[in-house]
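These values consider heavy atoms only, across backbone and side chains, with no hydrogens, waters or symmetry-generated copies. So you know, we letter chains A, B, ... as the sequences are listed, proteins then strands, and number each from 1.
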2 protein chains.
Amino acid sequence: MLQERLFTRPLYVQVRDALAKRIAAGEWKPGAVMPNEGDLAGQFGVSPGTMRKALDLLESERLLTRRQGRGTFVKDPTAEDRVVRYCNLRGPRGKAIRGDINTLEINEVAAEEPERLRLQLTQDERVYRLKRARAYEGVAFMVEDVALPAALFPGLVERNVSPLAILELAQAYGILLGKGEETVSIGAASVWASDALRTAKASPVLFLDRVILTRDGRPAEWRRGECVPTRAMHYIVGMR
Amino acid sequence: MLQERLFTRPLYVQVRDALAKRIAAGEWKPGAVMPNEGDLAGQFGVSPGTMRKALDLLESERLLTRRQGRGTFVKDPTAEDRVVRYCNLRGPRGKAIRGDINTLEINEVAAEEPERLRLQLTQDERVYRLKRARAYEGVAFMVEDVALPAALFPGLVERNVSPLAILELAQAYGILLGKGEETVSIGAASVWASDALRTAKASPVLFLDRVILTRDGRPAEWRRGECVPTRAMHYIVGMR
DNA sequence: AAGTGGTCTAGACCACTCA
DNA sequence: GAGTGGTCTAGACCACTTG
């Protein structure tokens, strides 16, 4: 009659979140084996079926891998096969191309209107602004403006983050990343882009604009990129 | 119980496929209610848990919707919220933009090398080739070359398919569509594109190249498009 | 042989919808 | 109140991996 249910989420969801929290906290390191289903069920005081459902969810969220006869393993978010998640540029044999990152500038400033909108920040929050260039086999193919919520990445400027992408940053701060969304359009290169990429002024480039959320839905990165796909490099989209 | 596990796939997968087949065959029309879990389990001679797992799969594949207290419903693949699946162009308020399709040419021919590769056809298979233009609010923004395996769409030229997209075609032929993949790049408009789109010769456009598979993994459509995103139109990509 | 995850079963109870 | 899907439990057995 009264809906307690609105306040108590299903047990298997609670268990999933508890496990995710412990993974993010580093309780089980990437690559490590977790206890078996039965033991975990015992630890949490739930039935094996409920624990299984929680683990199924975590596997579908790519936090775990399970292999029959072996065990349950914590996935490494920075492993090669997971890097592709936010990287839609592909090379000749379909390999993801992240490029070598070079951070040209990094500043901590008060968030301005567009940043507050895209990162869902309140009036007086601060952001880190980065200017970066990416090179593949020595050739710069993309420049990007990145904004990161200062609250999520405390002390970022003191760290040496020059070559680090969002994946490694999140890893270093114990943040689990979730969904992202990117828009692709076409336009004329900005002045600093055509400068850094050594293309003709205002030559056509791909504009990329993406926001990546944390696993629990808070915006973690806003990136605007200008990209000149070199030969055999293309942007790829899977439709499930 | 139904089959020996040693020689067959898991029971819940068999049940899922049997249900999918009956849905594709039109046994339950889009929007119709299906029998409840218990009855279905009885029909198939499996336990309720196994039937539930099969239904869960079908729901994750977007063939079904289930609502507590209401029942299990067959989804309509051409419904507004499902059209977006293969349509990554969005308008101002995030609405999918399919545009009005106008088929300019349609031919049945022997598949050539690139078509055989992309559509995984054998040496002597045939394809339908279509040339189309898409317009939004009266303005053409995209032209496309489409290739369809003749084996999947028998008698296509005799039908009036001028305004039909792959979604409606598949529906008409009782084909369930599955995953797709699209690549996006940048280039100079071809002659017929700049002609149809009334842009300057060789002006920059988005090149779109996609293949859509059927639910069971056979290529169903290869499309190459040249697109001039007008106004607030943009290409969007979700990263899960 | 021992241990793991994967499949399958059977049933109780809860939450939601609608007549 | 009757019917539906959603949650949770408890346990048997299978398939795979490793020592």
Could you state the atom-to-atom distance from [atom1] of [X] to [atom2] of [N] in whole Å?
X     : N      : atom1 : atom2 : answer
B:M51 : D:dG6  : CE    : C1'   : 17 Å
A:E37 : D:dG11 : CD    : C1'   : 14 Å
B:D56 : C:dT7  : CG    : C1'   : 15 Å
B:D39 : D:dG5  : CG    : C1'   : 13 Å
B:L55 : D:dG5  : CG    : P     : 8 Å
B:R67 : C:dC14 : CZ    : C1'   : 20 Å
A:K53 : D:dG6  : NZ    : C1'   : 7 Å
B:Q68 : C:dC16 : CD    : P     : 6 Å

Practice prompt. With DNA chain D as reference, determine whether A:G45 or B:R70 sits nearer its 5' end, using the nearest nucleotide of each.
Written response: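 Whichever sits nearer the 5' end wins; that is B:R70.
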Which of these nucleotides, [options], is closest to any side-chain atom of [X]?
X     : options              : answer
A:T50 : D:dT7, D:dC8, C:dG6  : D:dC8
B:L11 : D:dT9, C:dT9, C:dT4  : C:dT9
B:V46 : C:dT9, D:dC16, D:dG5 : C:dT9
B:N36 : C:dC8, D:dT4, D:dC8  : D:dT4
B:R52 : D:dG5, C:dC8, C:dG6  : D:dG5

Cationic tip of [X] within the cone over [Y]'s six-membered ring, i.e. under 6.0 Å and within 45° of the normal?
X      : Y      : result
B:R159 : B:Y173 : yes
B:R52  : B:Y12  : no
A:R67  : A:F73  : yes

Distance check: side-chain N/O of [X] vs OP1/OP2 of [N], anything under 4.0 Å?
X     : N     : result
B:T72 : D:dT4 : no
B:R66 : D:dG6 : yes
A:Y12 : D:dC8 : no

Discussion item. Tell me whether A:K75 at atom NZ has more than 12 heavy atoms from other residues, nucleotides or ligands lying less than 6.0 Å away.
Written reply: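 More than 12 within 6.0 Å, yes.
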Worksheet item: For the atom pair OG1 (B:T214) and CG (B:L152), what is the distance rounded to the nearest 0.5 Å?
Response: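 If we round to the nearest 0.5 Å, B:T214:OG1 and B:L152:CG are 7.0 Å apart.
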